[in-house]
There are 2 protein chains.
Amino acid sequence: MDTKTLILGQKNKKTWIEIHNLKAIGQMVRKKRKKMGMTQAEAAGLCNVGARFMSELENGKATMHFDKIMKVLRSFGFIIGISERL
Amino acid sequence: MDTKTLILGQKNKKTWIEIHNLKAIGQMVRKKRKKMGMTQAEAAGLCNVGARFMSELENGKATMHFDKIMKVLRSFGFIIGISERL
DNA sequence: CATAAATATTCCCGTTCGGTAATATTCTGA
DNA sequence: TCAGAATATTACCGAACGGGAATATTTATG
């Protein structure tokens, strides 16, 4: 893939991870949070959500509000994309 | 981009659209639904959600449950992806 | 243009989200 | 191993989601 990106001059090509459920998102969020060396409480403060929300998000609770999830993802430097199945 | 995909033999490369809010998703859903020649009511039935939900989704209501949004997207042949901001 | 079809909005209602605080449980590092 | 830190869960409560039906509004059609 490195050769490919060099050939095309696309050194900064984004890598998309397909998401099938909220559990997967929760895992990504937790991993990133730990990488940043933060507790859930600190992360909640950063994202301006409650500690409870952060805990439930990381544990993959399915029925959370889309806008709040987006808020956390954005604060953590993630972006969401939509594509069509091939 | 066409030349690029041919060079790499990646004719089936997914194209990701970055999403910043639920409004954008709603627009995509509506566009797809119309393309499929369905009314909101029919689409709601297909996705097993209420007509009200479909209407609100298409109009970009922010506080909807993630799992239900995902359900509709999946029924419409969309996939969700996460990437990191560069 | 009139009317039917489609969509948006309101109503009623049961359920649940999520903030905050408290408490129970689990994890971590010395 | 154990104490403290971190996380998960529970309790209380107000706000609001969403199903289904009804109604208002908008759009499409002949």
Side-chain angles (χ1 to χ4, degrees), chain A residues 16-85, chain B residues 16-85:
Chain A
W16 294 91
I17 298 177
E18 198 173 316
I19 294 299
H20 295 110
N21 52 50
L22 207 47
K23 201 164 195 62
I25 291 187
Q27 286 168 350
M28 290 179 74
V29 167
R30 175 167 284 164
K31 188 177 172 186
K32 189 66 180 283
R33 173 177 63 80
K34 292 189 170 182
K35 189 175 176 185
M36 297 194 287
M38 301 174 96
T39 62
Q40 285 184 350
E42 287 166 342
L46 172 73
C47 305
N48 204 29
V49 298
R52 174 196 179 141
F53 183 88
M54 187 58 71
S55 177
E56 288 180 343
L57 170 58
E58 290 192 1
N59 282 288
K61 188 179 173 211
T63 53
M64 312 182 83
H65 291 171
F66 188 92
D67 61 326
K68 292 187 72 87
I69 293 167
M70 255 196 114
K71 192 160 147 187
V72 172
L73 288 177
R74 210 177 275 135
S75 294
F76 276 23
F78 289 116
I79 50 177
I80 294 189
I82 302 271
S83 184
E84 302 214 46
R85 196 172 293 128
Chain B
W16 293 92
I17 298 177
E18 199 172 310
I19 294 296
H20 294 110
N21 52 49
L22 206 49
K23 201 163 195 65
I25 291 187
Q27 287 169 351
M28 291 179 73
V29 167
R30 175 167 286 166
K31 187 177 174 187
K32 190 66 180 283
R33 172 177 65 81
K34 290 189 171 183
K35 188 175 176 184
M36 296 192 289
M38 301 176 95
T39 62
Q40 285 184 346
E42 287 166 341
L46 170 73
C47 305
N48 203 30
V49 298
R52 174 194 179 145
F53 184 86
M54 185 60 71
S55 177
E56 288 180 343
L57 171 58
E58 290 193 0
N59 282 288
K61 189 178 174 219
T63 53
M64 312 182 85
H65 291 172
F66 188 91
D67 61 325
K68 291 187 72 90
I69 293 168
M70 252 195 117
K71 191 161 148 187
V72 172
L73 288 177
R74 210 178 274 137
S75 294
F76 276 22
F78 288 117
I79 52 178
I80 295 187
I82 303 272
S83 182
E84 300 215 49
R85 196 173 292 130

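Here is how names work: the chains are called A, B, and so on, in the same order as the sequence lines, proteins then strands, and each is numbered from 1.
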So, is [X] near the phosphate of [N], with a side-chain N or O under 4.0 Å from OP1 or OP2?
| X | N | answer |
| --- | --- | --- |
| N59(B) | dT7(C) | no |
| H65(A) | dC17(D) | no |
| T63(B) | dA16(D) | no |
| S55(B) | dA8(C) | yes |

If you define the side chain from C-beta out and look only at heavy atoms, does anything of [X] sit under 4.5 Å from [Y]?
| X | Y | value |
| --- | --- | --- |
| F53(A) | I69(A) | yes |
| H65(B) | H65(A) | yes |
| I79(B) | L73(B) | no |
| V49(B) | L57(B) | no |
| I80(B) | I25(A) | no |

* To do: Using modelled atom types only, decide if a donor and an acceptor are shared between the side chain of R85(B) and the backbone of G77(A) within a distance under 3.5 Å.
  =>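 Judged by distance alone, no pair lies under 3.5 Å.
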Rounded to the nearest angstrom, tell me the gap between atom [atom1] in [X] and atom [atom2] in [N].
| X | N | atom1 | atom2 | result |
| --- | --- | --- | --- | --- |
| Q40(A) | dT26(C) | CD | C1' | 12 Å |
| E58(A) | dA8(D) | CD | C1' | 11 Å |
| D67(A) | dC17(C) | CG | P | 14 Å |
| I69(A) | dC17(C) | CD1 | C1' | 12 Å |
| K71(A) | dG18(C) | NZ | P | 11 Å |
| K61(A) | dG19(C) | NZ | C1' | 12 Å |
| E56(B) | dT10(C) | CD | C1' | 11 Å |

* To do: Kindly give the heavy-atom pair with the smallest separation between A43(B) and F76(B), and that separation in Å.
  =>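 Between these two residues, the closest heavy atoms are CB-CZ, 3.8 Å.
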Would you list the protein and nucleotides 19-27 of chain D atom pairs, both N or O, that sit under 3.5 Å from each other?
from: dG19(D); atom 1: OP1; to: K68(B); atom 2: NZ; distance (Å): 2.5
from: dG19(D); atom 1: OP2; to: G50(B); atom 2: N; distance (Å): 3.1
from: dG19(D); atom 1: O6; to: R52(B); atom 2: NH1; distance (Å): 2.4
from: dG20(D); atom 1: O6; to: R52(B); atom 2: NH1; distance (Å): 3.2

* Please assess V29(B) against M54(B) for the test side-chain contact (heavy atoms from CB on, under 4.5 Å), listing each intermediate value before the final yes or no. => CA-CA 9 Å; V29(B) 167; M54(B) 185 60 71; 4.3 Å; yes
* Earlier contact from the 5' end, DNA chain D, for F66(B) and K34(B) ->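 The residue whose closest nucleotide sits nearer the 5' end is F66(B).
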* Report the C-alpha distance between R30(A) and R33(A) in whole Å, list the side-chain angles of each, state the deciding distance to 0.1 Å, and finish with yes or no for side-chain contact (heavy atoms from CB on, under 4.5 Å). => CA-CA 5 Å; R30(A) 175 167 284 164; R33(A) 173 177 63 80; 4.0 Å; yes
* Overall bend - the helix from dC1(C)-dG30(D) to dA30(C)-dT1(D), comparing terminal axes fitted on five pairs, nearest 10 degrees ->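 One end's axis against the other's: 60°.
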